[in-house]
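Structure, as structure tokens:
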Amino acid sequence: MRKILIANFKMNTTPSAFKSYAMTLATKSKNCKNEVIVCPPYTHLFMARDMLNGTNVAYGAQNISEEEKGEITGEISASMIKDLGANYVILGHSERRARYKENDKIINKKIKTALANGLKVVLCVGENLQCRTNKQGCTFVRNQLEEDLRGIYENELEGVIVAYEPVWCVGTGKNASNKDISKMVETIRKEISYMYSEKAGKSLNVVYGGAVSLANYKKIMDNEDLNGLLVGNACLDVDNFAIMCKENY
Ligand code: PGA
């Protein structure tokens with residue numbers, strides 16, 4: 001199965017350093033059939049446009065404002081990143097939910113703004129350790145999906161990739177087991193079937209993120225329930241990320 005590989009740079013690297021990263025990744029993934037998407041900081045998107053257009057590597061941002069434009073100092077709109085050729089945006093990342101108090105209502109508004117501007121959304125969902133310990137992970141993630149996708153139509157789901165990112169794994173170096181991942185992916189597909197249709201549940205693209213590394217990516221990627229990976233810290237080494245991107249193809 002063709003997989004989706006998404007690189008989340010978080011707040012790392014510089015635009016100048018990204019130039020050689022983009023060049024290397026584009027060269028290394030030239031004949032690769034997997035879908036490769038890089039999401040560097042906003043400041044790198046100009047460089048992404050210059051280096052990645054016409055290659056196998058798509059690019060996107062890690063956030064957008066929920067508003068289209070206006071008096072909001074320091075914010076970046078969907079149309080601004082779209083204008084730079086970005087086709088994707090990561091929304092609902094647990095780091096933003098926690099640090100900037102982005103709640104489901106705001107995330108829902110951001111998703112609507114992104115889709116209205118022709119951006120595809122990588123929607124991150126996932127339970128924290130306390131939730132997991134209390135065996136409430138599935139309920140928590142189902143609620144996130146219901147709130148985050150409220151008012152989104154079934155035909156718009158083509159533009160949504162759901163990233164299962166357990167908060168107890170993200171940035172910790174500790175990944176979830178394939179059993180844990182499969183259980184949650186099944187929950188996600190069931191919830192989407194319940195909210196929309198069985199067809200929507202089956203065809204939804206679901207990726208896993210949380211401490212994916214060169215040492216564990218193969219095992220996770222081989223999981224047939226999954227459509228791909230969202231790679232954080234391990235994507236910063238372009239050679240390593242390129243190896244992941246070429247897997248199976
Ligand atoms: P990590 O991050 O791979 O560094 O755990 C994943 C993410 O935040 O998307």
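The figures here come from the full heavy-atom set of this structure, side chains too, leaving out hydrogens, waters and symmetry mates. Remember, it's 1-based here, ligands and their atoms both numbered in the order they're listed.
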- Message: Under a 4.0 Å threshold between the charged nitrogen and the carboxylate oxygen, would E102 count as salt-bridged to R97?
- Response: no
- Task: Report the C-alpha separation of E191 and E186 in whole Å, then their side-chain angles, then the decisive distance to 0.1 Å, and conclude whether the side-chain contact (heavy atoms from CB on, under 4.5 Å) test is met.
- Result: CA-CA 8 Å; E191 179 62 24; E186 193 192 335; over 6 Å; no
- Basic-acidic side-chain contact under 4.0 Å: D50, K19: no
- Could you identify which residues cluster with I6, counting Ile, Leu, Val, Met, Phe, Trp and Tyr as linked when any side-chain heavy atoms lie under 4.5 Å apart, either directly or through a chain of such contacts? I4, I37, Y88, I90, V122, I161, V207, L230
- Query: Can we say D225 and R189 salt-bridge, meaning some charged N sits less than 4.0 Å from an Asp/Glu carboxylate O?
  - Reply: no
Does ligand 1 have any N/O atom under 3.5 Å from a protein N/O, and what are those pairs and their distances?
| from | atom 1 | to | atom 2 | distance (Å) |
| --- | --- | --- | --- | --- |
| ligand 1 | 2 (O) | K10 | NZ | 3.0 |
| ligand 1 | 3 (O) | A211 | N | 3.4 |
| ligand 1 | 3 (O) | G232 | N | 3.0 |
| ligand 1 | 4 (O) | N233 | N | 2.9 |
| ligand 1 | 4 (O) | N233 | ND2 | 3.2 |
| ligand 1 | 5 (O) | G171 | N | 2.6 |
| ligand 1 | 5 (O) | A211 | N | 2.7 |
| ligand 1 | 8 (O) | K10 | NZ | 2.8 |
| ligand 1 | 8 (O) | H93 | NE2 | 2.6 |
| ligand 1 | 9 (O) | N8 | ND2 | 3.3 |
| ligand 1 | 9 (O) | H93 | NE2 | 3.4 |
| ligand 1 | 9 (O) | E165 | OE1 | 3.3 |
| ligand 1 | 9 (O) | E165 | OE2 | 2.7 |

- Around atom CD of E146, are there more than 12 heavy atoms of other residues, nucleotides or ligands at under 6.0 Å? yes
